[in-house]
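Note sheet for the following structure.
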Amino acid sequence: MIGGFVGFGNDRGADWAENMLSTVATNTLRHLFTRSELVDVQVRCNPPSKLLQGSIDSFKMNGRGIVIRRQFRAEEMSFETDAVSIDAGSVMQGNLSLKQPTQAIAAVKLTEKDINEAFGADLVKKRLEKLTLPTLTELSDGKPVSFTDVQIELLPNNGLKLFAKADLSDNGKVPVSLSCTLGVERRRRIKFQNAKFEPEAVPEELRDISEQLTNVLIEILNDMVDLDRFNLDGVNMRINRLETQGNMLVFTGYAQIERVPKTG
C-alpha cells in the first residue's frame with residue numbers, strides 16, 4: 001500500500017508519505033499529554049521509498065501549552081530526533097512504533113506560573129507534607145511538619161527566590177524565605193545552590209526558627225527535583241543546561257526514547 005504512493009522520483013508521493021507520517025506522529029504524540037494547546041510534528045524522509053524499510057531521516061515535534069501527568073504544564077516543548085527506524089505497518093494502522101531506540105535534542109520552557117502550579121501537584125505535595133525528619137519534629141514538639149504555599153520568583157543569571165510556610169501544627173505557621181541559584185547535577189537533578197536565608201520577609205521574632213526551617217527545606221528540594229520521577233514511560237530526559245529568561249525557565253538537553261509512550 002505504501003509503495004503505491006511513494007514511487008521513486010514522485011514528488012507528490014514524497015509529499016503524501018511525509019504528510020501521512022506527520023499526521024500519524026502528531027496524533028500519536030498528542031495522546032501522550034493530558035492536554036495540549038498545540039502539538040505539531042514534521043517528518044522528513046528522502047527518498048520516500050525508505051518508508052518501505054521503515055526508515056525516516058528525522059522527525060521534529062513542537063508543542064505548546066502541554067500538560068503531563070495531569071498536573072505538570074510546560075509552556076513549550078520541542079525535540080528533534082536522529083534517524084529513526086519505525087514499524088511501517090504500524091503507520092498504516094494509524095500508530096507509531098519504534099523498531100529501535102533513538103535520541104532527540106530536546107528543549108522545554110516553563111513559566112513561573114507553571115512552576116508554582118507544579119508545587120501544588122500531588123506528586124510534589126506528598127514530598128513536602130507530613131514530614132517527620134528529626135530536624136523538623138524537634139521544632140514542632142514531635143509532630144509532623146508540612147511546607148505549604150510555595151511560591152517562586154525567577155531572577156536573572158539562574159537566580160530564584162522562594163517563599164513558603166512551614167506548618168508546625170500546634171506551634172503555628174512560620175514563613176520561610178530564601179534565595180539561591182539553580183544548577184544541574186548528573187544531568188538529571190535540579191540543584192538549589194548557594195542558598196541564602198532572606199530574613200526581611202520574616203517577622204523578627206520568627207527569624208531564628210525560620211532560618212532553621214529554610215536549611216531543611218533546601219535539603220528536601222535538592223533531593224526532590226529528579227527528572228527520573230517525571231519521565232514519560234519509555235523516555236528518559238537529561239539536561240545539559242538550564243537558564244532563566246525573564247519569567248521563563250529554559251531546559252535544553254536530550255531524550256533517550258526507548259519506545260513511544262502510551263500515556264502522559
Side-chain angles (χ1 to χ4, degrees), residues 34-35 37 64-77 108-131 133 135-136 139-140 143-169 171-185 189-227 229-230 239 242-251:
T34 307
R35 298 190 307 277
E37 295 173 15
R64 185 176 67 244
I66 62 174
V67 178
I68 301 171
R69 297 182 186 271
R70 298 182 177 85
Q71 294 180 301
F72 297 98
R73 183 186 184 277
E75 179 69 14
E76 296 180 17
M77 177 183 288
V108 179
K109 293 184 179 181
L110 306 178
T111 65
E112 274 186 9
K113 182 179 179 182
D114 294 333
I115 299 168
N116 285 321
E117 289 181 350
F119 274 106
D122 295 338
L123 186 62
V124 176
K125 283 171 43 176
K126 72 180 183 181
R127 300 184 66 84
L128 292 173
E129 295 183 346
K130 299 180 180 178
L131 305 175
L133 298 170
T135 49
L136 291 176
L139 302 174
S140 62
K143 296 182 180 180
V145 174
S146 296
F147 289 98
T148 64
D149 303 310
V150 178
Q151 291 288 312
I152 65 97
E153 177 187 349
L154 296 176
L155 303 174
N157 302 314
N158 290 7
L160 178 145
K161 283 189 176 181
L162 185 147
F163 308 89
K165 293 179 181 177
D167 188 346
L168 303 184
S169 190
N171 292 338
K173 291 188 176 182
V174 177
V176 174
S177 177
L178 64 94
S179 62
C180 64
T181 55
L182 296 173
V184 181
E185 181 182 79
R189 193 184 293 262
I190 309 302
K191 303 298 288 185
F192 295 75
Q193 302 170 333
N194 307 312
K196 178 184 176 183
F197 173 58
E198 298 287 350
E200 293 81 5
V202 180
E204 188 171 355
E205 67 273 15
L206 295 176
R207 287 177 182 174
D208 286 344
I209 189 171
S210 179
E211 185 170 10
Q212 295 178 63
L213 290 164
T214 296
N215 293 333
V216 179
L217 178 57
I218 283 294
E219 293 179 9
I220 294 169
L221 292 173
N222 278 333
D223 188 50
M224 183 177 73
V225 189
D226 190 323
L227 286 184
R229 295 195 177 102
F230 301 94
I239 300 172
L242 65 78
E243 181 180 9
T244 56
Q245 297 179 1
N247 73 334
M248 294 274 191
L249 182 59
V250 181
F251 300 90

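The structure presented is a predicted model; accordingly, all values stated were derived computationally and were not measured. Each residue takes its place number in the sequence, starting with 1.
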| note | Sequence neighbours excluded, the answer for salt bridge (Lys or Arg N to Asp or Glu O under 4.0 Å) partners of Glu76 is Lys109
| query | Does some side-chain heavy atom of Leu249 sit less than 4.5 Å from a side-chain heavy atom of Leu154? | reply | yes
| said: Give me the atom names and distance for the closest heavy-atom approach of Asp167 to Ser169. | reply: OD1-N, 3.0 Å
| note | To the nearest 0.5 Å, atom CD1 of Ile152 lies from atom CZ of Phe119 at 7.0 Å
| field | Partners passing salt bridge (Lys or Arg N to Asp or Glu O under 4.0 Å) against Asp114 (at least two apart in sequence or in another chain) | value | Arg73
| Thr135 OG1 to Leu133 CG distance, which is reported to the nearest 0.5 Å | 5.0 Å
| message | Pair Asp122, Arg70 - check salt bridge (charged side-chain N to carboxylate O under 4.0 Å, His left out), show working. | response | CA-CA 10 Å; Asp122 295 338; Arg70 298 182 177 85; over 6 Å; no
| note | Separation between NZ (Lys125) and OG1 (Thr148), nearest 0.5 Å, reads 10.0 Å
| message | Would Phe251 and Val184 count as a side-chain contact (heavy atoms from CB on, under 4.5 Å) here? Give the steps. | response | CA-CA 10 Å; Phe251 300 90; Val184 181; 6.0 Å; no
| said: Looking at every heavy atom in both Ser146 and Lys130, which two are closest together, and how far apart are they? | reply: OG-N, 2.8 Å
| side-chain contact (heavy atoms from CB on, under 4.5 Å) partners of Ala74, counting only residues at least two apart | Ile66, Val108, Leu110
| said: Atom NZ of residue position Lys165 - does it have more than 12 heavy atoms of other residues, nucleotides or ligands inside 6.0 Å? | reply: no
| Spacing of NZ belonging to Lys173 relative to CG belonging to Asp149, to within rounding of 0.5 Å | 5.5 Å
Name every donor-acceptor pair, under 3.5 Å, that has one atom in a side chain of residues 209-220 and the other anywhere in the protein, sequence neighbours excluded.
| unit_1 | atom_1 | unit_2 | atom_2 | d |
| --- | --- | --- | --- | --- |
| Ser210 | OG | Pro175 | O | 2.6 |
| Thr214 | OG1 | Ser210 | O | 2.8 |
| Asn215 | ND2 | Glu211 | O | 3.3 |

| said: Run Thr244 and Leu155 through side-chain contact (heavy atoms from CB on, under 4.5 Å) and show every step you take. | reply: CA-CA 7 Å; Thr244 56; Leu155 303 174; over 6 Å; no
| task | Scan for side chain to side chain donor-acceptor pair (under 3.5 Å) pairs involving residues 192-202, sequence neighbours excluded, and state none if there are none. | result | Ser179-Glu198, Thr181-Asn194
| message | Run the side-chain contact (heavy atoms from CB on, under 4.5 Å) test against Asp208 and tell me which residues pass, sequence neighbours left out. | response | none
| Are Val202 and Phe197 close enough that some pair of their side-chain heavy atoms sits under 4.5 Å apart? | yes
| message | I'd like to check the side-chain contact (heavy atoms from CB on, under 4.5 Å) partners of Glu243; sequence neighbours left out, ordered by chain and number. | response | Asn158, Arg241, Gln245
| note | Across all chains, not counting sequence neighbours, the salt bridge (Lys or Arg N to Asp or Glu O under 4.0 Å) partners of Arg35 are none
| message | Could you tell me if the side chain of Val150 sits less than 4.5 Å from the side chain of Asn116, heavy atoms only? | response | no
| Are side-chain heavy atoms of Lys143 and Leu168 found at a separation under 4.5 Å? | no
| Beyond-backbone contact of Leu221 with Met224, side-chain heavy atoms, under 4.5 angstrom | yes
| query | If we only count heavy atoms from C-beta on, is the Val176 to Phe163 side-chain gap below 4.5 Å? | reply | no
